[in-house]
> 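Take this structure, written in structure tokens, and hold onto it; I'll ask about it next.
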Amino acid sequence: MNFNLVWAGALADELALSGVRHAVICPGSRSGPLALALAERVRAHTVVDERSAAFFALGAAKASGRPVAVLSTSGTAGAHFYPALLEAEATGVPVIAITADRPPELHGWGAPQQLDQHRLFGAHAWFAELGPPDPAGVPHLRATVARALQQDRPVHLNAPFREPLAPVPEPLPEVRDEPAARHFKARGQPDVRDLLADLSQRPRGVIVCGPRDGQDDLPAAVRELSRALGYAVIADAASGIAEGVAHADLILRNERWAQALRPQAVVRVGRGISSKIVQAWLEQADRTIVVHERGEPIDPSHRASAILQGDAPAICRALALQARAQGPLGALFDLAERRARGALETAFADAPWGEPLIAREAALAAELLYVSSSMPVRDVDALAPRRGRVLANRGLNGIDGIISSAAGAAAVTGARPIVLLGDLALLHDLGGLVSAARLRLPLTVLCVNNDGGGIFQFLPIARSADRFEELFATPHGLDLEGAARLCRAEFIRVSDGRQLRAALQRPAAGLRLLEARTERAANVEQHRALQAAVVAALGDPP
């Protein structure tokens with residue numbers, strides 16, 4: 001035993017006392033004392049690539065609802081955490097980045113593998129410099145780590161160590177080492193009487209539930225609020241709300257229904273929704289109330305008349321207890337939803353092979369679906385019924401790190417997730433395949449391979465740019481089976497709905513990659529045909 005291990009142990013103890021149960025560890029020498037300490041106190045997952053490790057931690061924290069630590073050595077290693085921490089910041093996911101560092105005397109004099117790691121992630125993470133191990137500083141170390149775990153954003157702890165880094169025995173100094181005081185945050189009931197008096201004058205309203213990772217009693221609280229106000233519930237696929245309107249994007253493409261359903265008031269919970277059609281429709285409301293839990297309030301158009309900050313279930317229940325209004329939009333949306341659902345069931349019974357069918361089958365088969373940004377999340381949100389749990393990195397809508405995030409979710413839940421992503425997203429995160437294979441995680445990666453960026457095919461630039469393929473679609477022409485061989489993963493190429501259903505219904509024993517090849521141009525036409533079918537089936541509103 002040496003003092004570096006005592007210091008690292010105190011840090012790891014505080015993480016565990018504050019709720020950390022999992023740590024993602026990247027190999028390194030300078031981080032050795034912390035790697036050993038964390039592995040003794042929490043469940044450790046080793047990931048060889050730092051970027052993949054951080055997304056692994058993001059997915060694990062998102063799925064478990066608990067903070068997850070990710071550890072790197074000094075130098076450029078920690079810089080690879082940046083994309084995942086930006087996503088964690090935007091979504092309020094508690095990722096704790098720990099970067100080992102050279103001690104102060106090795107900075108500024110050409111020592112290898114050293115750079116200024118202070119505030120490496122700028123304003124995007126709460127930062128604490130822990131300083132080199134110091135016997136008198138252990139209480140301060142513990143208090144700092146305990147405080148860090150109370151933040152509503154990612155945390156960066158910088159931890160310098162001097163030699164010896166290995167567990168070489170040495171005499172130990174006298175150390176005052178006991179747990180720091182725990183931190184609690186009070187949650188008061190908001191005074192919403194004036195707000196509800198205003199809403200009572202606007203009975204035509206909706207409650208919009210955007211992406212949210214928490215697994216709590218929000219669904220029940222939203223149900224109570226919906227009944228009290230008579231407001232319809234519009235639920236994004238990644239909201240965690242199974243009840244409510246799932247096909248608003250399609251319903252509101254019918255202009256007559258969009259006008260008949262036009263809201264006077266909107267209550268928003270969770271992050272930003274996927275559908276631009278629904279977002280534009282919501283902005284017509286006279287009043288918008290935002291229930292804000294963490295990060296930035298979701299009000300990019302500055303339409304909110306009130307922002308209520310705090311625990312979303314508590315706020316919804318406080319509103320429900322005092323609400324006394326009965327609006328008509330709930331019943332009207334129910335009718336539209338039934339007609340839209342029936343039209344989709346008819347259309348998909350005879351649907352051609354393509355991305356809409358793939359997204360729907362993935363959503364129907366998955367108990368836990370991790371879905372990529374770009375087209376996959378839009379397809380699941382617009383076209384699939386609400387079934388299992390859906391997770392998505394929608395804070396910044398990046399397509400990077402999706403496989404790594406799903407691997408983290410698999411590691412902490414024991415579930416067998418299905419990952420739905422495009423070929424470019426898969427190429428962005430080949431390291432995630434390596435991590436899932438090394439850790440023997442039961443992960444099914446369903447890759448829609450349209451040889452490029454399919455979402456750009458929907459934009460006007462697809463029709464007018466001479467260099468569209470080169471600059472926007474960016475076809476790669478790669479054989480994705482090689483990625484499966486690299487990771488010794490099972491590989492299945494599917495080309496129709498029957499093959500896809502059979503593959504998805506068979507539980508994954510380890511890592512497998514399903515490739516579903518599609519045509520970008522045909523995908524646009526399939527979407528337009530489905531939208532037209534629903535618009536026609538809706539008929540006229542009563």
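Predicted, not measured: the structure shown is a model, and the values here were computed from it.
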> Would you mind telling me which of T99, L38, L157, V24 makes a side chain to side chain contact (heavy atoms under 4.5 Å, CB included) with L71?
L38

> Could you check if a side-chain atom of L424 sits within less than 4.5 angstrom of a side-chain atom of H476, using non-hydrogen atoms only?
yes

> Mind running side-chain contact (heavy atoms from CB on, under 4.5 Å) on V70 and F56 for me, showing each step along the way?
CA-CA 9 Å; V70 57; F56 190 108; over 6 Å; no

> Checking side-chain polar atoms at under 3.5 Å, does Q499 have a donor or acceptor matched by the opposite partner on S495?
yes

> Do R212 and D236 meet the salt-bridge criterion of a basic N to acidic O distance under 4.0 Å?
no

> Using the ring of each side chain (for Trp, its six-membered ring), is F127 parallel, tilted or perpendicular to H118, with breaks at 30° and 60°?
tilted

> I need the T144 OG1 to E129 CD distance, nearest 0.5 Å.
10.5 Å

> Please check this pair: side chain of E293 against backbone of V269, looking for a donor-acceptor N/O pair closer than 3.5 Å.
no

> Any side-chain heavy atom of Y82 sitting closer than 4.5 Å to one from L120?
no

> May I have the step-by-step check of side-chain hydrogen bond (donor to acceptor under 3.5 Å, both in side chains) for S74 and D101, ending in yes or no?
CA-CA 5 Å; S74 62; D101 200 358; 5.3 Å; no

> Supply the atom-to-atom distance L486 CG to L480 CG, rounded to the nearest 0.5 angstrom.
12.5 Å

> Flag the pair E337 and R341 as a salt bridge only when some basic side-chain nitrogen lies within less than 4.0 angstrom of an acidic carboxylate oxygen.
yes

> On a heavy-atom basis, which atom in L149 and which in S18 lie closest, and how many Å separate them?
CG-CB, 3.4 Å

> Under 4.0 Å between a Lys/Arg side-chain N and an Asp/Glu carboxylate O for R378 and E355?
no

> Using a 3.5 Å distance criterion without hydrogens, assess whether the side chain of Q117 forms a donor-acceptor pair with backbone atoms of G75.
yes

> Between the main-chain N or O of A77 and the side-chain N or O of E50, is there a donor-acceptor pair closer than 3.5 Å?
no

> As a quick check of understanding, evaluate side-chain contact (heavy atoms from CB on, under 4.5 Å) for V145 and D13, giving each step before the final call.
CA-CA 10 Å; V145 175; D13 280 342; over 6 Å; no

> Once you round to the nearest 0.5 Å, how far does SG of C447 lie from CG of L420?
9.0 Å

> For the residue pair S275 and D381, confirm or rule out a side-chain donor-acceptor distance under 3.5 Å.
no

> If I compare all heavy atoms of V390 with all of A237, which pair ends up nearest, and what's the gap?
CB-O, 3.3 Å

> Would you mind checking if D213 and R271 are paired as a salt bridge, meaning a charged N to carboxylate O distance below 4.0 Å?
yes

> Please name the pair of heavy atoms, one in P67 and one in I96, separated by the smallest distance, quoted to 0.1 Å.
CB-CG1, 4.3 Å

> Taking all non-hydrogen atoms of both residues, which atom of R387 and which atom of A363 are closest, and how far apart?
CB-O, 3.9 Å

> For this output row, return yes or no: ring centroids of F458 and H527 closer than 6.0 angstrom.
yes

> Identify the two heavy atoms, one from R386 and one from A242, that lie closest to each other, and give their separation to 0.1 Å.
CB-O, 3.5 Å

> What verdict does the salt bridge (Lys or Arg N to Asp or Glu O under 4.0 Å) test give for R51 and D429, after you've listed the backbone C-alpha separation in whole Å, the side-chain angles of each residue and the deciding distance to 0.1 Å?
CA-CA 9 Å; R51 177 183 165 279; D429 196 21; 3.5 Å; yes

> Rounded to the nearest 0.5 Å, how far apart are CG of L368 and CG of L391?
5.0 Å

> For the pair S435 (side chain) and G431 (backbone), establish whether a donor and an acceptor sit closer than 3.5 Å, ignoring hydrogens and angles.
yes

> Does a side-chain heavy-atom distance below 4.5 Å link P385 with L364?
yes

> So that I can tick it off, tell me whether R153 and E89 are bridged by a salt bridge, with the cut-off set at under 4.0 angstrom between side-chain N and carboxylate O.
no

> With rounding to the nearest 0.5 angstrom, report the CG to OG distance, L443 to S404.
10.0 Å

> Determine the minimum heavy-atom distance between P313 and D217, stating which atoms define it.
CB-OD1, 3.2 Å

> So, does E515 use its side chain to make a donor-acceptor pair with the main chain of I492 at under 3.5 Å?
no

> Would you say E243 and R223 make side-chain contact, with heavy atoms under 4.5 Å?
yes

> Would you give the length of the straight line joining atom NE2 of H80 to atom CZ of F55, rounded to the nearest 0.5 angstrom?
12.5 Å

> Do N4 side-chain atoms and W7 backbone N/O form a donor-acceptor pair below 3.5 Å?
no

> Tell me yes or no: between the side chains of Q457 and N523, is some donor less than 3.5 Å from an acceptor?
no

> Test side-chain contact (heavy atoms from CB on, under 4.5 Å) on R268 and I273 and set out the steps.
CA-CA 10 Å; R268 300 198 64 148; I273 57 177; 3.9 Å; yes

> Can you tell me how the ring of H22 sits relative to the ring of H45, calling it parallel under 30°, perpendicular over 60° and tilted otherwise?
parallel

> Is a salt bridge present between D479 and R493, judged by a nitrogen-to-oxygen distance below 4.0 Å?
yes

> A side-chain contact here means heavy atoms from C-beta on lying under 4.5 Å apart; do S373 and R394 qualify?
yes

> Looking at R512, R506, E490, R416, which one forms a side chain to side chain donor-acceptor pair (under 3.5 Å) with T444?
R512

> Does a side-chain heavy-atom distance below 4.5 Å link L344 with L383?
yes

> For the pair L11 and I98, evaluate side-chain contact (heavy atoms from CB on, under 4.5 Å) and give the outcome as yes or no after the intermediate values.
CA-CA 10 Å; L11 193 161; I98 308 173; 4.2 Å; yes

> Hey, are the side chains of M375 and N450 touching, using non-hydrogen atoms and a 4.5 Å cut-off?
no

> When you measure from the side chain of R41 to the backbone N and O of L15, does any donor-acceptor pair fall under 3.5 Å?
no

> Would you find a donor on one side and an acceptor on the other, under 3.5 Å apart, between the side chain of Q151 and the backbone of R147?
yes

> Given side chains that start at C-beta, do those of W353 and I358 come closer than 4.5 Å, heavy atoms only?
yes

